[in-house]
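Report on the following structure.
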2 protein chains.
Amino acid sequence: MAILVFVLKWLQWKYLIVDNAIDIYVGLIAVFFTILGIWLATQLTKPKVEQVIVEKEVYVPLSEDFAINQSALEALNLTKREFEILQLISSGHSNAEIADNLFLSLSTVKTHLSNLYVKMDVKRRTQAVDRAKKLQIVP
Amino acid sequence: MAILVFVLKWLQWKYLIVDNAIDIYVGLIAVFFTILGIWLATQLTKPKVEQVIVEKEVYVPLSEDFAINQSALEALNLTKREFEILQLISSGHSNAEIADNLFLSLSTVKTHLSNLYVKMDVKRRTQAVDRAKKLQIVP
DNA sequence: ATGGAGCTCATACTTTAGTACCATTTTCTG
DNA sequence: CAGAAAATGGTACTAAAGTATGAGCTCCAT
């Protein structure tokens with residue numbers, strides 16, 4: 001603003017003696033401030049963010065080709081721990097190994113498994129694994 | 001431009017008699033043209049678009065039918081009976097059930113399984129099943 | 001014919017898995 | 001905050017799985 005006033009005063013002194021110089025003066029100001037406005041606008045407008053979703057085909061390797069059957073899993077109504085332990089017996093772990101991995105006692109693992117067998121309607125861990133694979137709730 | 005000149009003339013006539021009114025005059029012009037510039041900029045410039053590319057993984061389903069990995073099976077060097085019993089434990093059968101199905105004694109089943117575990121380099125039936133599935137020698 | 005491979009079975013044993021029942025603590029949830 | 005659900009753990013027991021060893025049988029190839 002200080003600069004602006006100074007410029008105005010200078011222009012006033014220089015051109016005020018000339019008749020009609022006021023028109024040129026105003027024209028210059030108009031042009032100047034129009035450019036200023038344009039510059040302000042380009043600086044201040046936020047860029048619109050546009051999300052472009054690119055579908056990328058993923059050929060999953062056989063070992064990882066597994067999409068969990070969420071509905072089947074929910075139908076079984078398993079708890080977190082039960083499902084966790086189911087995953088571990090599916091990959092061939094013994095109860096003792098599971099207890100070690102999850103920092104649980106053997107008792108707890110057995111308790112979870114017993115409840116799991118009831119929920120899955122099976123009698124053995126091997127049956128549980130077979131059923132889980134058929135239901136596609138484990139790889 | 002015609003409108004602009006008209007407005008200027010009008011303002012000139014109205015305020016020129018007043019001393020220092022020129023400052024207000026110029027201020028108004030400045031504000032007006034700044035706004036004009038902003039308006040022009042928003043109208044004329046293309047909207048800035050920031051593209052955010054989001055990769056969406058599309059899982060390509062693989063064929064469901066099971067093709068046995070013959071070479072892996074041969075590499076294990078299993079006998080007929082051992083493979084037969086492997087298939088049965090894979091579907092969750094107990095040793096007693098296997099003995100019944102194949103008209104064998106429990107001892108025989110256990111013997112075959114012990115040999116099987118050695119050949120597959122596993123310690124438990126669940127590990128054997130897991131490995132067999134990973135090798136794709138059972139569904 | 002004979003020796004090896006595969007199949008069968010047995011006994012005796014150890015280990016692991018599974019059942020039943022109970023108790024405490026933690027974590028949600030209405 | 002009270003009650004339910006989940007998680008944890010213990011004991012005692014039974015059932016199943018797994019190990020080790022030995023032995024008889026059949027079939028096939030050298």
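A note on names: the letters A, B, ... follow the listed sequences, proteins ahead of strands, and every chain is numbered from 1.
Distance A:Asn95 CG to D:dG18 C1': 15 Å, rounded to the nearest Å. Put simply, CG on A:Leu102 is 8 Å from P on D:dT8, counting in whole angstrom units. Between the P atom of D:dT8 and the CG atom of A:Asp100 lies a distance of 15 Å, rounded to the nearest Å. Taking atom OH of residue B:Tyr117 and atom C1' of nucleotide C:dT16, one finds them 12 Å apart after rounding to whole Å. Whole-Å rounding puts the B:His93 NE2 to C:dA17 C1' distance at 19 Å. The nearest whole Å value for the distance from the CG atom in B:Asn77 to the C1' atom in C:dA5 is 11 Å. Rounded to an integer number of Å, the gap from CD of A:Glu97 to C1' of C:dA17 is 13 Å. For the pair A:Arg81 CZ and D:dG9 C1', the computed distance is 13 Å after rounding to whole Å.
Nearer the 5' end of DNA chain C, as judged by each residue's closest nucleotide, is the contact made by B:Leu78, out of B:Leu78 and B:Thr126. The nearest heavy atom of DNA chain C to A:Thr111 and to B:Lys119 marks one nucleotide each, and the one closer to the 5' end goes with B:Lys119. Comparing A:Ser107 and A:Asn115 along DNA chain D, the residue whose closest nucleotide (by nearest heavy atom) sits nearer the 5' end is A:Asn115.
If you check every strand for non-hydrogen atoms under 4.0 Å, B:Ser114 touches a base. Among the atoms of the strands shown, only primed sugar atoms or phosphate atoms (P, OP1, OP2) are found under 4.0 Å from some heavy atom of B:Ser94. Residue contacts shown for A:Leu106 are absent, as no nucleic acid heavy atom lies under 4.0 Å away. Across all strands, A:Ser105 comes closer than 4.0 Å only to sugar-phosphate atoms, never to a base (heavy-atom distances).
Put simply, A:Arg124 has no side-chain N or O that comes within less than 4.0 Å of OP1 or OP2 on C:dA17. OP1 or OP2 of D:dG9 sits under 4.0 Å from a side-chain N or O of A:Thr108.
Between B:Glu97 and A:Lys123 there is no salt bridge, since no side-chain nitrogen of the basic residue lies less than 4.0 Å from a carboxylate oxygen of the acidic one.
Remark: A:His112 NE2 to A:Leu78 CG distance equals 12.0 Å, nearest 0.5 Å.
Of the N and O atoms on the side chains of A:Thr111 and A:Thr108, not one donor lies less than 3.5 Å from an acceptor on the other residue.
Here the nucleotide nearest the side chain of A:Lys80, chosen from C:dC7, D:dT8, D:dA7, is D:dA7. With distances taken from any side-chain atom of B:His112 to the nucleotides D:dG18, C:dC7, C:dG18, the minimum falls on C:dC7. For B:Lys110, taking side-chain heavy atoms from C-beta onward, the closest of the listed nucleotides C:dT19, C:dG6, D:dA17 is D:dA17.
Using a 4.5 Å heavy-atom cutoff, the side chains of B:Ile68 and B:Gln136 are not in contact. B:Leu76 has its side chain within reach of B:Ile137: a pair of non-hydrogen atoms, C-beta onward, lies under 4.5 Å apart.
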